[in-house]
Amino acid sequence: MPMLYCVLGIKTRLQDFYIIYTLQNSTIRVNRLSKKQLLIFVAGKTTHCIYRFLIPSLFMPWTSLLLCNLIGEIVGSYWLALIFQTSHVISEVEWPKPDPKDNMVHQDWAEMQVGTTQDYATDNWFWNVFTGALNHQTTHHLFPGVIQAHYPLITPIVRQTCKEFGVTYHYVDTIWEALSCHVNHLRTLGQTKESKDD
């Protein structure tokens with residue numbers, strides 16, 4: 001697994017400040033926060049520092065505290081990265097490219113959401129709970145405003161609708177198959193053109 005996955009949590013928390021300062025998230029322009037939103041942001045970051053560092057520092061030495069936080073960051077970051085990567089960064093899903101004439105992707109929005117995601121282990125209680133039902137990534141993309149507890153009820157409807165309309169629904173039975181898809185995709189990306197042709 002890529003070593004950079006272990007810093008995803010730290011990167012995300014620091015990136016928040018950069019986004020607010022530059023009003024850019026990669027190539028996407030971000031609106032300036034209102035005073036209320038900025039207050040919520042600062043209160044959230046402050047609360048995070050208090051419960052992750054200040055309170056524990058009253059009960060343990062700083063070296064232990066930093067080590068515990070580092071381990072927690074690595075585990076949490078890998079967990080989060082692998083939940084998302086196994087649903088998106090795989091060869092089995094579509095990677096739509098814009099039409100060079102108008103720089104637009106000419107595909108129905110819902111069809112693109114289904115085509116660019118993969119679900120796994122959607123009937124498995126453990127993975128439904130411990131991924132926050134994000135193993136139902138297709139349903140998550142189609143219905144982002146729906147609470148995740150409903151995903152196991154919606155996914156069979158999505159699957160059936162895809163079948164009725166001839167839309168490919170990407171699914172594997174286990175997390176291990178999903179991880180294998182991701183690792184194989186990374187392996188493919190790491191090959192030179194010559195080794196792919198062999």
Q) So, does S180 use its side chain to make a donor-acceptor pair with the main chain of W176 at under 3.5 Å? A)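 No: the side chain of S180 does not pair with the backbone of W176.
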Taking only residues two or more places apart in sequence or in another chain, which ones pass ring-ring contact (aromatic ring centres under 6.0 Å, His included) with [X]?
X: Y21; value: none
X: H185; value: W95
X: W79; value: W127

For [X], which fellow cluster members are found when Ile, Leu, Val, Met, Phe, Trp and Tyr are connected by side-chain heavy-atom distances below 4.5 angstrom, either directly or through intermediates?
X: L58; result: I50, L54, I55, F59
X: I10; result: L14
X: I71; result: L67, V75
X: V30; result: I19

Within the 4.5 Å heavy-atom criterion, are [X] and [Y] side-chain neighbours or not?
X: T155; Y: T138; value: no
X: N25; Y: Q15; value: yes
X: L134; Y: Q148; value: yes
X: W109; Y: L142; value: yes
X: F126; Y: I175; value: no
X: N135; Y: N128; value: yes
X: I157; Y: T161; value: yes
X: R159; Y: K163; value: no

Between [atom1] of [X] and [atom2] of [Y], what distance do you get to the nearest 0.5 Å?
X: L186; Y: C181; atom1: CG; atom2: SG; answer: 11.5 Å
X: T116; Y: Q137; atom1: OG1; atom2: CD; answer: 9.0 Å
X: Y171; Y: E177; atom1: OH; atom2: CD; answer: 8.5 Å
X: Q118; Y: Y169; atom1: CD; atom2: OH; answer: 9.5 Å
X: L33; Y: L39; atom1: CG; atom2: CG; answer: 11.0 Å

Q | Plane angle bin for H182 and Y5 - parallel if under 30°, tilted between 30 and 60°, otherwise perpendicular | A |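 Answer is parallel, since the angle falls under 30°.
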Same apolar cluster: [X] and [Y], side chain cutoff 4.5 Å:
X: M60; Y: F53; value: yes
X: F17; Y: L8; value: no
X: I28; Y: L23; value: no
X: V172; Y: L179; value: yes
X: L38; Y: Y18; value: no

Q.
For the aromatic rings, using the six-membered ring if either is Trp, is the centroid distance between H140 and F143 under 6.0 Å?
A.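 No, the ring centres sit 6.0 Å or more apart.
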Q: Taking atom CZ of F41 as the centre, report whether more than 12 heavy atoms of other residues, nucleotides or ligands fall under 6.0 Å from it.
A: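 Correct, the count exceeds 12.
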Q | Residues H106, K101; criterion side-chain contact (heavy atoms from CB on, under 4.5 Å); working and verdict | A | CA-CA 11 Å; H106 298 285; K101 294 176 191 166; over 6 Å; no
Measure across [X] and [Y] and return the closest heavy-atom pair with its distance rounded to 0.1 Å.
X: H170; Y: G115; answer: NE2-O, 3.4 Å
X: S77; Y: G9; answer: OG-N, 2.8 Å
X: Q85; Y: I90; answer: O-CG2, 3.9 Å

Where at least one partner belongs to [range], residue pairs that pass salt bridge (Lys or Arg N to Asp or Glu O under 4.0 Å), sequence neighbours excluded:
range: residues 26-50; result: D16-K45
range: residues 74-96; result: none
range: residues 106-126; result: none
range: residues 182-191; result: none

Q) If you measure only the distance, is there a donor-acceptor pair under 3.5 Å linking the side chains of T117 and S87? A)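 Judged by distance alone, the side chains do not pair up.
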Q: Test T131 against F84 for side-chain contact (heavy atoms from CB on, under 4.5 Å), laying out the working first.
A: CA-CA 10 Å; T131 65; F84 288 112; over 6 Å; no
Q) Can you list every pair that meets side chain to side chain donor-acceptor pair (under 3.5 Å) and has a residue in residues 53-72, with sequence neighbours left out? A)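 Found R52-N69.
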